[in-house]
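The model shown is predicted, which means the values in this text are computed figures rather than measured ones. So you know, we letter chains A, B, ... as the sequences are listed, proteins then strands, and number each from 1. Below, each value reflects all heavy atoms present in this structure, side chains not excepted, and no hydrogens, waters or symmetry copies.
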Amino acid sequence: MSQFQRESPILAQLCTLLIDDQYGELASRVFSILARHGRQTLAALSRNSYLSGKQLKHGLVILIQQNLLFHSSPGLHHVTYYEINWQQSYALIRYGRMTKMVEDRFGEKASAIISNLVSLGHTRIGDLNEAYFPSNTSDHEEDEEDADTHMNGTAASVAKGNGSTQLLNGTESSKASKTKINASTEKAELQNKDVNSDKVTTDNANVNGDAHTNGKMNGTASVNGEKPAEGNGVTEGQHASKSEVNSLKELHGIIYKLMVEGWIVPVTEAHFLPPHDFHEKVLPEIVAEVFEGRWPSGTKKQTQLKIEVNQRKRYLRDSSIQAANRKRSADLDLEFGRPSKRMRIACTNGDNISTSAQNEYAQNETILDDNLVIRFNLEKLNVAMRTEQLVLLAKKRLGKTTARVYHTLLCALEQSYLRCYEEWPDPPEPEANTHEVDPKYLVTAKEVTRKLDRNIDLTEGLDPHVVINHIGGRFNIVEKDRLTYIDPPADPSELSIDQKCRLVDAHLRLLYQEPFQFVTWYARRGFSQWRVEFDRLCAHMIQQEIENTIMARRDHLGVKLVRALQKKGRLDERGTCVAMMMPAQEIRTVVNEMCLWGFIQTQEIPRVESRMTKHSMHLIWYDKQRARERLLHDTYRGMTRIMQRMAMEKEKVRPVIDKAERSDVVGNEDKYLNQAERDALKKWGEVEEKLLVQLSRQDQLVAILRDFIGPLSI
Amino acid sequence: MASASADSPAPAREESPAPETLDKKDILYNKCAQAPDGTVFYQRDFVNMHVAENTTALMRLLQELVDSHLMKTMMWENQPCWKLRSRDEAAKLRAINADERHIYHLIDEVQNAGIWIRALRQRTGLTQMVLTKCLKSLETKALIQCVMNVKNPSRKMYLLKHLEPSAEIVGGPWQTDGDYDIGLIEVISNVVVRYVEHETWIRVPVGMNNTREAAVAKKKAQVQATRDIEDAPAVQPFRPPLNRNRTTLLPRSNVNLPTCTSILQHVLDIGIIKGKVIRESDMEQLLEMMVLDGRLEKITPSTYRTVRDAKDADDDTEGSWNGFVDAPCGTCPVFELCGDEGDITARTCVYFAEWLGTE
Ligand code: SF4
């Protein structure tokens, strides 16, 4: 993640705080040494710290288990270097969000599994089996060692002996913090009034259904358009045991489903290598294979090398995922609608997934190989967060009904996106056929209608005239008191599928006509077929957040200035006045302030030999990428301050909290705590919630600024 | 050319009876004066007026007119051509001295683009003092005017008295004396916003089709009205309460979105602009500025609509920007100075204390 590997002191500080919060002081101390001194060996680490070798190893194990460190042993000496995985480290703050997102999409059972995965770090299937269905015979210690050897040769020796306790500690502490941040995520959602009230959607029910039959691996395949799945009924039926997985089959069914959807990925060697080492590893391979060992010269060959390297990197990263997906399509081809065959997914070399040939059709279950190591896919979380933020934006602009339609559309597309943007892309082909879009990136109004929560009143949020047009008949439009409405009101439950499709289509057209152009029309298939130009939209969102920030810090004049500069490029004072149609003295203070915040840049061009400032031209301009980075860093800083404040506020009420957590007090608060103590606790609860909500919202801002799109060129 | 019209009865009266009583050059002048203002005459046009017998005579006549400033000579695509001056102006011109006349001609050449005083000095080679004196005298004779250049406020530009300075110099209708007329811009912007909003949005009550309640009420009505389906007023009982207090704006369907032209037409129609000419390009400038201002949105390169106000959202998401600026640090005046230790830290921060209500 080259974009994330550019560490900044403030990010390091934030991550250290997060690690301290979740894994304790030792881990955070080791982490901060690595943050300060960069990539180093164990020997260097002990030179740079006052920690004993044992402590260091202890700390490293925690960090490695959570994938917070990369490690590699380049060269012949097999000395292991450790390096921080910044993306993963920052993502600690998102653990609550991960389970929440999975729950919204796949139900509580899936989210429980995810939350286990999150707290365990990367996990061997065998260990998960054990955690869910402990068998008396299995030797835990052995399993542990086995896993570690498999996952990383170097750390294994370190982990030996205290590995399992480590694991347990990790589980415990992160569970505690998980619940905390999870709660905050929900609160944030409440504050944002997110469009998640329809989270009990048909999708949800279907996954659970899948888990039972272990059959249809494709969510869409089992959605029946004519009789919308009884979303509520099914989930309620399962309410009693909804977060408990009943059998190994079910467990593997859910994991497999999540793998197909891209939320869980098999771990490969590539995931542990620092980006630089990964590059160093791929490069000679390519030179040897493609260029017969001769270093390519000339621009054309160099370009080819670059393309090949990127291709190989993508392959190494994705091969295991693609294998899973290939499996899926093979499934569908072979037995559309029939129970899926038994298969074994093995992880011998990271990219080999083999299907056991025997009993292909006899058994209807997916069994995952015990030695397969899986982990949560952070990049998929970005995709889900992108959906969330786009829906919020659509809601602000077009109201909640349209936003819900949009939400359904985006969720339908999510399966096709493993990540928000490709880090190692092929160069754009000059004559590429840009009008042809891969069908997996398209979705029709009909599909959206089918997946839409049927409790949504589609007539809301549309011009009444349009509604009447589509549902026809016995309705009138009343215009009274400068208001327009339909009379008598239309009952959405009486609408036919066809009418619903028309209304959905009308909502999509609204999204299309927005200046943002939330969706893009593609073809007339299925009422209308749409795609989403995520890159453009995400660049827009960044701009939007920059403008929001300026608006809050200053006023609309700052925003106007930035927009003027964005449109006109570099301007001198007079040009600025003309663009903004304002007198110079009113603009000057705005310009100064915006420069101070780093949102606009200045430049002095001398016009005379003597370079006298008086005679120079003073230009100002707006660089979106720079403003984006600046705001990102400021946000990291804001998050750090919140964490610091939270620690301080907690310290203040520490005695009371400790008392309240005593085992004899829990459950008997009224008896043991006096009024003042109870008030203090209540106040602390409010304070913590308020801080966590803001923290979670700042994390959303970070996602918008950092995770949805690569560096901007303009 | 006011004087031209005053003169015109004269030739009409004298035309047929006694052409000899008038000088030939007057006849020529009068004939030319009948043409619309500002007409440019070529030699063939004079020939067609049948005043002079031959070319030499014609050229002599023209020279006389030019000498008495009743006409001026110009070149157009390498052909000489002539333009009429009013008798008034000619009289004034005859009364000024050579330097002034030279200056006058230079100013005349540039027409409404205006000429900078420094350029005049270079072209004439006069000293600053003489130049200033000449310009003063021309100004008092109401032959030329001085305007300020909005782009370079320090530059004085000169142009003929009767000309409107070009928009380049005075900056179009939105500027007065070189400064943007904030008041005028505000008034017109409001008019534009009101018009465009009305054209592009439709106001509906929140829950305009309040069917959740409607569905429940309908169920009830059906249960209660088990007696006879036919007489049961199927519609009446479940009319939902319209919430008139909360309304929202929705994009109108099938509208012709307002364009610069239609907006300008509207502004002109309601007639709030007096004494100023607003061209389409001026309007466009205003609209573009309003887009920057966040009051309008461009839907296509030529059409606009207004921005929906946060208070028109169909529930209350308003009032929040983003997680960063909604917390104290985002708008903190000492953000840059705040550190992990020292005088300003998150632990000692008063803004946090206020925000959290902890003291
Ligand atoms: S902690 Fe307080 S002083 Fe520091 S930046 Fe935030 S609001 Fe400002």
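- Most heavy-atom pairs under 4.5 Å with chain A: of the set B:T331, B:N322, B:V325, B:I299, this distinction falls to B:N322.
- Only the side chain of B:I182 comes within contact range of chain A, with at least one heavy atom under 4.5 Å from a heavy atom of that chain.
- Side-chain contact check for B:N190 and B:R295: at least one donor-acceptor pair (N or O, by modelled atom type) lies under 3.5 Å.
- For the 3.5 Å distance criterion, the side chains of A:E586 and B:Y180 fail to qualify, holding no donor opposite an acceptor.
- With chain B as the partner, the residue from A:L510, A:D634, A:L561 showing the most heavy-atom pairs under 4.5 Å is A:D634.
- Considering only heavy-atom pairs separated by less than 4.5 Å from chain B, the leading option among A:Q544, A:Q13, A:Q517, A:R397 is A:R397.
- With a threshold of 4.5 angstrom between heavy atoms, A:M580 approaches chain B through N, CA, C or O but not through any side-chain atom.
- For the options B:D181, B:I185, B:D340, B:L286, heavy-atom pairs under 4.5 Å to chain A are most numerous at B:D340.
- Of the listed residues (A:E545, A:K560, A:E686), the one with the most heavy-atom contacts under 4.5 Å to chain B is A:K560.
- Per-residue counts of heavy-atom pairs under 4.5 Å with chain B were compared for A:Q698, A:R563, A:R645, A:Q644; the largest is that of A:R645.
- Interface residue A:K683: only side-chain heavy atoms are found under 4.5 Å from chain B.
- Contacts between B:C338 and chain A at a heavy-atom distance below 4.5 Å involve backbone atoms as well as side-chain atoms.
- A cation-pi contact links A:R637 to B:F335, judged by a cut-off of 6.0 Å to the six-membered ring centre and 45° from its axis.
- In terms of heavy-atom pairs under 4.5 Å with chain B, the best-connected choice from A:M582, A:E547, A:E651 is A:M582.
- A heavy-atom distance below 4.5 Å is not found between the side chains of B:T259 and B:Y304.
- Tested against B:D326, the residues A:R553, A:K690, A:R697 include a single salt bridge (charged side-chain N to carboxylate O under 4.0 Å, His left out) partner, A:R697.
- Proximity of a side-chain donor or acceptor of B:S262 to a complementary backbone N or O of B:P258 within less than 3.5 Å is not detected.
- Between the CD atom in A:E689 and the CG atom in B:L356 there is a gap of 11.5 Å [rounded to 0.5 Å].
- Of the two parts of B:T345, neither the backbone nor the side chain holds a non-hydrogen atom closer than 4.5 Å to a non-hydrogen atom of chain A.
- Between chain B and the residues A:E514, A:M643, A:Q513, A:M639, the most heavy-atom pairs under 4.5 angstrom are made by A:E514.
- Under 3.5 Å, the side chains of A:Y636 and A:R706 contain a donor-acceptor pair of N or O atoms.
- Interface remark: A:I704 contributes no atoms to any contact with chain B (heavy atom separation under 4.5 Å).
- Among all heavy-atom pairs drawn from A:L458 and A:H507, the shortest one is O-NE2, 2.8 Å.
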